[in-house]
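Working notes for the structure below.
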Amino acid sequence: MASDQVLPVKGMSDLASPEIELWQHLESTARGVFSRYDLGEVRTPVLEREALFVRSLGDTTDVVQKEMFTLDYQGKLRLTLRPEGTAGAIRYISSCGQEGLSKRIYYIGPMFRAERPQAGRRRQFHQTGAELLGDPNALADAECIAMQVHLLEEWGLKRCRVQINTRGTVQEREAVAQGLRDALNPSFDDLCEDCQRRFEQNVLRVLDCKNPSCQTIVAALPNVVTFMSDDSQAYFKEVQHMLELLDVPYTVNPRLVRGLDYYEHTVWEISHDALGAQDALSGGGRYSIPVEKKAVNGVGFAIGMERIQTALAGEGILPEQFAGKPDVFLVSLGDAALKENMRTAQQWRRDGLACALHTTARSMKAQMRAADRSGAAWVVIRGDNELSEGACQLKNLSAGEQSAVSIDAVPGLIR
Ligand code: AMP
């Protein structure tokens, strides 16, 4: 077994070939889709003040209570590795003054949660997310969901399921919570320990408890929207109407909560059947985040990239399909040919061809094996005879055909 010296920390992993080529493809596709919706990229620091997350996400949330990697810097600063991207994005937006409040941004990068590592749960994972500021209305919520579904389609996913719900407004949150407590009160003793604790602090979370006895109690509760104002119910209807207009398939799930305090109105989750127990690919919602006594309103989502890779595999799309391959592998027989091949490769690379070669003299057999492993479609073979004639042997590896051609003709033939 490999030692601690060469392995990354548990729950974190190195990302390299062949996965990395798939990730690069996913990221460039995302950048393309986001730009079509008029979004710009933001890269915020990975480390932020602990208070930013406590204030934005809420101090009773699982993430803040149990899952943050926080370090004490010289006894002066409490710094947290970001567990999600929205809090930092909103901090950035708030630093832009009035202009920030109409920004449309996206981010791609690592997030950190001190969870017990298991299938689909990492301590370092990656999210691609978007935040649309300004326009706090149902149309913006529908646009955000439609953009996300479009992105998942461009990535090649066909078996995603969109579930939506509403949390009502921040102002009516207490009324909704009280309505739920009243409805749950007769069954309090049958709730699991966690839910008994949530009952006072964060009663909405009882709705998505995985404990079977809690689920039975929850199934008999009235729909949460019945505790909300007419305006909130109309807002939610408008979101649904717009999704239909934009051709986005969805289902309403009245038990969908989303863990964080900052959500209001529309929340959603997108799942995929290839994911197993942790079947959420992505979550999103409208939010109101307090910054310096004001509230910043936006709507956004975050997609878990490790889970996207799993879902893609479930649909037969594998990292190997994206592996980078050289166009041509140059095999050198002798020192003079090696140096000449390096000169040729340098020129072809400047012209846009991907070339591979070994800079140590090896046997022809060893070089041909390496060419095969590299996945190159073509091999150029040169020794002293070919050099003196300005020629080479050009071999097509898949067809197995080989012929003598002028070295200058190779780029044209390959293309
Ligand atoms: P959340 O902000 O918790 O809703 O996370 C959004 C998405 O990020 C989830 O739907 C997952 O796809 C992904 N995600 C969240 N936590 C983890 C984790 N610990 N490991 C891997 N992916 C995660």
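Counting starts at 1 for both ligands and their atoms, following the listed order. No hydrogens, no waters, no symmetry mates; every other heavy atom, side chains included, goes into these values.
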Among side-chain atoms of [X] and [Y], is any donor-acceptor pair under 3.5 angstrom?
| X | Y | result |
| --- | --- | --- |
| Arg181 | Gln178 | yes |
| Glu131 | Tyr287 | yes |
| Thr29 | Glu154 | no |
| Tyr263 | Arg258 | yes |
| Arg382 | Thr344 | yes |
| Ser232 | Glu172 | yes |

Can you tell me the protein heavy atom closest to [atom] and the distance?
| atom | result |
| --- | --- |
| atom 1 (P) of ligand 1 | Arg113 NH2, 3.7 Å |
| atom 22 (N) of ligand 1 | Phe125 CD1, 3.5 Å |
| atom 13 (C) of ligand 1 | Gly304 CA, 3.6 Å |

Who gets closest to atom 12 (O) of ligand 1 by heavy atom: Asp279, Ile270, Leu281?
Leu281

Given Gly284, Gly129, Ala114, Ser282, which one has a non-hydrogen atom that is nearest to atom 10 (O) of ligand 1?
Ser282

Determine, using heavy atoms of [X] and all atoms of ligand 1, whether some pair is separated by less than 4.0 Å.
| X | result |
| --- | --- |
| Arg258 | yes |
| Gly11 | no |
| Gln127 | yes |

Check whether any N or O atom of [X], backbone or side chain, sits under 3.5 Å from an N or O atom of ligand 1, and answer yes or no.
| X | answer |
| --- | --- |
| Glu84 | no |
| Ala280 | yes |
| Arg122 | yes |

For ligand 1, note which part of [X] has a heavy atom under 4.0 Å away: side chain, backbone, both or neither.
| X | result |
| --- | --- |
| Glu115 | side chain |
| Val63 | neither |
| Arg123 | neither |

State which residue, out of Ile270, Ile108, Ile308, Leu26, fulfils the side-chain contact (heavy atoms from CB on, under 4.5 Å) condition with Ile303.
Ile308

Given Asn253 and Asn165, is the side chain to side chain contact (heavy atoms under 4.5 Å, CB included) satisfied, shown in steps?
CA-CA 6 Å; Asn253 175 0; Asn165 194 19; 5.5 Å; no

Could you check whether Phe34 and Tyr106 have their ring centres less than 6.0 Å apart?
yes

Closest non-hydrogen contact found for Met111 with Pro83 is CB-O, 3.8 Å

With heavy atoms of Gly120 as the reference, note each atom of ligand 1 found under 4.0 Å away.
20 (N), 21 (C), 22 (N)

So the atoms of ligand 1 within less than 4.0 Å of a heavy atom of Ala302 turn out to be 6 (C), 7 (C)

